[in-house]
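Reminder, nothing fancy here: chain letters follow the sequence lines and each chain counts from 1.
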There are 2 protein chains.
Amino acid sequence: MINKLKKMGLKITPQRLAILKILDGNTSHPSAEDIYKELKPQFPSLSLATVYNTLEVLAGGGEVQEVRIKSDKKHFDPNPAPHCHFLCRVCDNIYDLDMWPEDLQLPCDIKGNLIQGCNLYLYGICFRCRDKYKNGNNNNNN
Amino acid sequence: MINKLKKMGLKITPQRLAILKILDGNTSHPSAEDIYKELKPQFPSLSLATVYNTLEVLAGGGEVQEVRIKSDKKHFDPNPAPHCHFLCRVCDNIYDLDMWPEDLQLPCDIKGNLIQGCNLYLYGICFRCRDKYKNGNNNNNN
DNA sequence: AAGGAAAATTATAATGATTATAAAATAACA
DNA sequence: TGTTATTTTATAATCATTATAATTTTCCTT
Ligand SMILES: [Mn+2]
Ligand SMILES: [Mn+2]
Ligand SMILES: [Zn+2]
Ligand SMILES: [Zn+2]
């Protein structure tokens with residue numbers, strides 16, 4: 001955790017450690033504001049700009065990846081490896097999906113173009129929301 | 001062209017026809033502002049809001065697709081079929097790439113999730129820009 | 001062809017996520 | 001412990017997109 005910051009030549013600060021701690025192993029793909037709201041109680045002086053700055057530098061260093069599956073807001077993923085993201089249009093959650101086109105290993109060459117990065121975004125209805133509909137609307141437990 | 005509008009129950013206006021004409025067969029993936037700037041000389045009264053409204057209704061009707069390969073701006077594509085987009089980090093152009101994962105035909109089911117839509121975005125250096133570098137910087141014709 | 005309702009266009013303001021700025025605080029090194 | 005570069009913070013600015021409301025236009029009916 002601390003190593004990630006040192007590796008990038010960044011100073012260790014409580015704010016950065018807290019942000020990294022939230023991200024570590026997190027598969028919920030939080031936005032900058034999500035992280036800010038989660039930390040604000042423990043860090044009353046925390047600034048949203050600090051969260052943005054930290055996420056930007058982590059992304060620039062390849063330690064986290066930006067997920068731009070929604071049109072209005074960026075989300076962040078501590079797993080920097082290219083993998084498939086799925087947005088459920090019903091519950092609005094972003095999920096990892098364990099599928100990746102075999103013929104797309106980076107970096108690669110496609111018709112003379114050098115492919116260095118890739119995003120695969122899927123949209124639909126997650127199995128949880130499908131199940132809810134399947135069970136009918138007679139029991140309205142959202 | 002006119003049929004697309006009628007099919008969607010929209011009124012035929014000069015502005016909409018002009019926007020559709022620009023889009024027809026266009027593979028440059030223009031933004032709303034690109035289209036606005038191109039039309040403004042011929043339509044001095046044209047409002048940017050009209051361009052946005054038209055693109056939104058066309059996208060909603062499945063006649064064009066939004067391309068969100070850049071983080072700051074939406075681009076539009078008259079080809080509504082899912083296909084692969086590639087952003088060159090050098091020239092900043094968006095290109096179509098003729099590749100699509102075999103195992104991803106829509107709609108489909110992945111682990112219980114219903115997949116209805118998909119975006120595949122690639123990033124790198126296009127063959128044109130690679131050629132320029134290959135030929136060295138001694139002839140500086142950008 | 002003229003009238004009129006509904007829809008579209010326009011100018012303009014509002015929104016909201018993100019980025020920039022500059023002063024104050026802090027981390028890390030000697 | 002002191003010094004300096006970095007970071008945090010509060011705040012303002014940016015800018016693509018969306019909302020609003022008045023004006024204009026389409027298009028169906030007469
Ligand atoms: Mn993920
Ligand atoms: Mn395209
Ligand atoms: Zn869901
Ligand atoms: Zn290029």
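Close to dT9(C), at under 4.0 Å from its OP1 or OP2, lies no side-chain N or O of Ser47(B).
Note on the helix from dA1(C)-dT30(D) to dA30(C)-dT1(D): angle between the axes of the first and last five pairs equals 30°, rounded to 10 degrees.
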Please list every donor-acceptor pair under 3.5 Å in which a side-chain atom of residues 54-70 of chain B meets a protein atom from a residue at least two apart or in another chain.
unit_1: Thr54(B); atom_1: OG1; unit_2: Thr50(B); atom_2: O; d: 2.9
unit_1: Gln65(B); atom_1: NE2; unit_2: Asn79(B); atom_2: O; d: 2.8
unit_1: Gln65(B); atom_1: NE2; unit_2: Ala81(B); atom_2: O; d: 3.0
unit_1: Gln65(B); atom_1: NE2; unit_2: His83(B); atom_2: ND1; d: 3.4
unit_1: Arg68(B); atom_1: NH2; unit_2: Ile69(A); atom_2: O; d: 2.9
unit_1: Arg68(B); atom_1: NH2; unit_2: Tyr123(A); atom_2: OH; d: 3.2
unit_1: Lys70(B); atom_1: NZ; unit_2: Asp92(B); atom_2: O; d: 3.3
unit_1: Lys70(B); atom_1: NZ; unit_2: Asp92(B); atom_2: OD2; d: 2.9

Show the atom names and distances, to 0.1 Å, of all donor-acceptor pairs under 3.5 Å that link a side chain in residues 4-18 of chain B to residues at least two apart or in another chain.
unit_1: Thr13(B); atom_1: OG1; unit_2: Arg16(B); atom_2: N; d: 3.1
unit_1: Arg16(B); atom_1: NH1; unit_2: Lys11(B); atom_2: O; d: 3.0

Can you give each donor-acceptor pair under 3.5 Å made by side-chain atoms of residues 100-109 of chain A, sequence neighbours left out, with the distance rounded to 0.1 Å?
unit_1: Trp100(A); atom_1: NE1; unit_2: Leu104(A); atom_2: O; d: 2.8
unit_1: Gln105(A); atom_1: NE2; unit_2: Glu102(A); atom_2: O; d: 3.4
unit_1: Asp109(A); atom_1: OD1; unit_2: Gly112(A); atom_2: N; d: 3.0
unit_1: Asp109(A); atom_1: OD2; unit_2: Arg130(B); atom_2: NH1; d: 2.9

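Considering only residues two or more places apart in sequence or on other chains, His29(B) meets the side-chain hydrogen bond (donor to acceptor under 3.5 Å, both in side chains) condition with Asp77(B), His85(B), Asp96(B). The side-chain hydrogen bond (donor to acceptor under 3.5 Å, both in side chains) test applied to Glu38(B) returns no partner, not counting sequence neighbours. For the side-chain hydrogen bond (donor to acceptor under 3.5 Å, both in side chains) test, no residue two or more places apart in sequence or in another chain qualifies with Ser47(A). Under the rule for a salt bridge (Lys or Arg N to Asp or Glu O under 4.0 Å), Lys21(B) has no partner lying at least two apart in sequence or in another chain. Applying the side-chain hydrogen bond (donor to acceptor under 3.5 Å, both in side chains) criterion to Tyr52(B), with sequence neighbours excluded, gives no partner residue. Considering only residues two or more places apart in sequence or on other chains, Lys111(B) meets the salt bridge (Lys or Arg N to Asp or Glu O under 4.0 Å) condition with Asp98(A).
If you measure from atom CD of Gln15(B) to atom P of dA7(C), you get 17 Å, rounded to the nearest angstrom. The distance from atom NZ of Lys37(B) to atom C1' of dA16(D) is 12 Å, rounded to the nearest whole Å. Taking atom CZ of Arg16(B) as the reference point, atom C1' of dT25(D) lies 11 Å away to the nearest angstrom. In this structure, Tyr36(A) atom OH and dT11(D) atom P are separated by 11 Å, rounded to whole Å. Between the CG atom of Leu55(B) and the C1' atom of dA8(C) there is a distance of 15 Å, given to the nearest Å. Following rounding to the nearest Å, Phe43(B) (CZ) and dA8(C) (P) show an atom-to-atom distance of 17 Å.
Of the residues in residues 64-71 of chain A, not one comes within less than 4.0 Å of DNA chain C through any heavy atom.
Among Ser31(A), Pro30(A), Ser28(A), the single residue meeting the side chain to side chain contact (heavy atoms under 4.5 Å, CB included) criterion with His75(A) is Ser31(A).
Nucleic acid contact class of Ser45(B) (heavy atoms, under 4.0 Å, all strands): sugar-phosphate only.
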Review point. Using a cut-off of 4.0 Å between protein heavy atoms and nucleotide atoms, how would you tag nucleotides 14-30 of chain C 5' to 3' with B, S and -?
Key: ---SSBB------BS--

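Checked for salt-bridge contact, Arg128(A) and Asp131(A) miss the test: no charged N lies under 4.0 Å from a carboxylate O.
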